Asker: 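What follows is a single structure, and I will ask about it in a moment.
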Amino acid sequence: MSPSTIDIHPEDTLLEENEERTMIDPNSKEEAKFKELIKVLIDWINEVLVEERIIVKNLEEDFYDGQVLQKLLEKLAGRKLNVAEVTQSEIGQKQKLQTILDDVQEFLRPQGWAIRWNVDSIHGKNLVAILHLLVALAMHFRAPIRLPEHVSVQVVVVKKREGLLQTNHVTEELTTTTEMMMGKFGKNSHFKVAYYV
């Protein structure tokens, strides 16, 4: 583990022993392909949800509680999900989000998509996990968009070990080639299941 050259916010350092937190390196957020991926996904989501009068501006803020994800999945799948419409409490939000993510997994599992998100990562506004989820949905539902290929970001992993914070940089692949993303994954895929905290 090497020392990080980025600023780590105080809330990112409040970790229990062996707990891990990830964040995108600020330089990666400025890369053109990364910005294009976010723009393409937001434009697509807003197009899908235009009749719902929902406008997504920020993926982390708009997806963490499950509201927009529910509407998006209902629109794409053409059916209502059996979840509460509005939940204010964190526990209620996470329960709703888990139900929605279970439905997402039911859609994606037969195609062999690796599940690279969980309730805590989405509710925790982990942009990498949210992007993995949205890319998988866009590909599964054959969204009429062209995602930029070979988008990767540098992720800083902060872990508390023996009372000390240790950091490590990892390259996280968000998109590959269009052909691979269109569901050509099999059991031997190089993608692994990864959960982000």
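Values in this document were obtained by computation on a predicted structure and should not be read as measured data.
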Asker: Can you list every pair that meets salt bridge (Lys or Arg N to Asp or Glu O under 4.0 Å) and has a residue in residues 52-65, with sequence neighbours left out?
Answerer: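 Qualifying pairs, neighbours excluded: Glu61-Lys125.
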Asker: Can you name the salt bridge (Lys or Arg N to Asp or Glu O under 4.0 Å) partners of Glu30, sequence neighbours left out?
Answerer: Lys35
Asker: Please find the pair of heavy atoms, one from Leu97 and one from Val119, that lie closest to each other, and give the distance.
Answerer: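 In this case the closest contact between Leu97 and Val119 is CD2-O, 3.8 Å.
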Asker: Between Leu69 and Leu137, does a side-chain contact (heavy atoms from CB on, under 4.5 Å) hold up when you go through it step by step?
Answerer: CA-CA 10 Å; Leu69 182 58; Leu137 288 174; 3.9 Å; yes
Asker: Considering non-hydrogen atoms only, spot the tightest contact between Glu173 and Ser152 and give its length.
Answerer: CA-OG, 3.8 Å
Asker: Once side-chain hydrogen bond (donor to acceptor under 3.5 Å, both in side chains) is applied, do any residues pair with Gln154, and if so which ones, sequence neighbours excluded?
Answerer: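 Counting only residues at least two positions away or on another chain, Gln154 forms a side-chain hydrogen bond (donor to acceptor under 3.5 Å, both in side chains) with Thr171.
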Asker: To check you understand the geometry: which heavy-atom pair defines the closest contact between Gln70 and Ile100, and what is its length?
Answerer: CB-CD1, 3.6 Å
Asker: Set out, in order, the CA-CA distance, both residues' side-chain angles and the distance that settles side-chain contact (heavy atoms from CB on, under 4.5 Å) for Trp117 and Leu101, then state yes or no.
Answerer: CA-CA 9 Å; Trp117 56 83; Leu101 292 177; 3.8 Å; yes
Asker: Could you list all the ring-ring contact (aromatic ring centres under 6.0 Å, His included) pairs where at least one residue sits in residues 21-62, not counting sequence neighbours?
Answerer: none
Asker: What distance do Leu41 atom CG and Leu37 atom CG have between them, rounded to the nearest 0.5 Å?
Answerer: 4.5 Å
Asker: Does the side chain of Ile42 come within less than 4.5 Å of Leu59's, by heavy atoms?
Answerer: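 In contact.
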Asker: Is the count of non-hydrogen atoms from other residues, nucleotides or ligands lying under 6.0 Å from Ile145 atom CD1 greater than 12?
Answerer: yes
Asker: Quick one: salt bridge (Lys or Arg N to Asp or Glu O under 4.0 Å) pairs with a partner in residues 66-77, sequence neighbours left out?
Answerer: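 Qualifying pairs, neighbours excluded: Glu51-Lys75, Lys71-Glu85, Glu74-Lys80.
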Asker: The test is salt bridge (Lys or Arg N to Asp or Glu O under 4.0 Å); show your working for Lys29 and Glu31 and say whether it passes.
Answerer: CA-CA 6 Å; Lys29 284 186 172 182; Glu31 291 181 15; over 6 Å; no
Asker: So, using side-chain contact (heavy atoms from CB on, under 4.5 Å) as the criterion, who are the partners of Ser89 when residues are at least two apart?
Answerer: Ile91
Asker: Show, in sequence, the C-alpha distance, side-chain angles and deciding distance for Thr175 and Leu131, and conclude whether the side-chain contact (heavy atoms from CB on, under 4.5 Å) test is met.
Answerer: CA-CA 9 Å; Thr175 65; Leu131 288 170; over 6 Å; no
Asker: Could I get the full list of side-chain hydrogen bond (donor to acceptor under 3.5 Å, both in side chains) partners for Asp102, not counting sequence neighbours?
Answerer: Gln98
Asker: Quick one: pull up CG in Leu81 and CG in Leu73 and give me the separation to the nearest 0.5 Å.
Answerer: 5.0 Å
Asker: Given Met23 and Val155, is the side-chain contact (heavy atoms from CB on, under 4.5 Å) satisfied, shown in steps?
Answerer: CA-CA 6 Å; Met23 59 210 88; Val155 176; over 6 Å; no
Asker: Does a salt bridge link Glu149 with Lys33, judged by any charged N lying under 4.0 Å from a carboxylate O?
Answerer: no
Asker: Evaluate His132 against Glu172 for side chain to side chain donor-acceptor pair (under 3.5 Å), listing each step before the verdict.
Answerer: CA-CA 10 Å; His132 278 303; Glu172 183 69 35; 2.8 Å; yes
Asker: I need the full list of ring-ring contact (aromatic ring centres under 6.0 Å, His included) pairs touching residues 62-93, with sequence neighbours left out, sorted by first then second residue.
Answerer: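 Every ring-ring contact (aromatic ring centres under 6.0 Å, His included) pair that includes a residue of residues 62-93, provided the two are not neighbours, is Tyr64-His123.
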Asker: Write down the atom of Asn46, the atom of Ile54, and the distance for their closest heavy-atom approach.
Answerer: OD1-O, 3.8 Å
Asker: Which atoms form the tightest heavy-atom contact between Asn82 and Thr99, and what is the distance?
Answerer: O-CG2, 4.1 Å
Asker: Does Val170 have any side-chain contact (heavy atoms from CB on, under 4.5 Å) partners at least two apart in sequence or in another chain, and if so, which?
Answerer: Val157, Asn168
Asker: Can you pull the salt bridge (Lys or Arg N to Asp or Glu O under 4.0 Å) pairs that have at least one residue in residues 40-50, sequence neighbours excluded?
Answerer: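 For residues 40-50: Lys39-Asp43.
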Asker: I need the full list of salt bridge (Lys or Arg N to Asp or Glu O under 4.0 Å) pairs touching residues 88-97, with sequence neighbours left out, sorted by first then second residue.
Answerer: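 For residues 88-97: Glu90-Lys94, Lys94-Asp120.
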Asker: Does any pair with a residue in residues 65-106 pass ring-ring contact (aromatic ring centres under 6.0 Å, His included), and if so which ones, sequence neighbours excluded?
Answerer: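 Every pair satisfying ring-ring contact (aromatic ring centres under 6.0 Å, His included) with a residue in residues 65-106: there are none.
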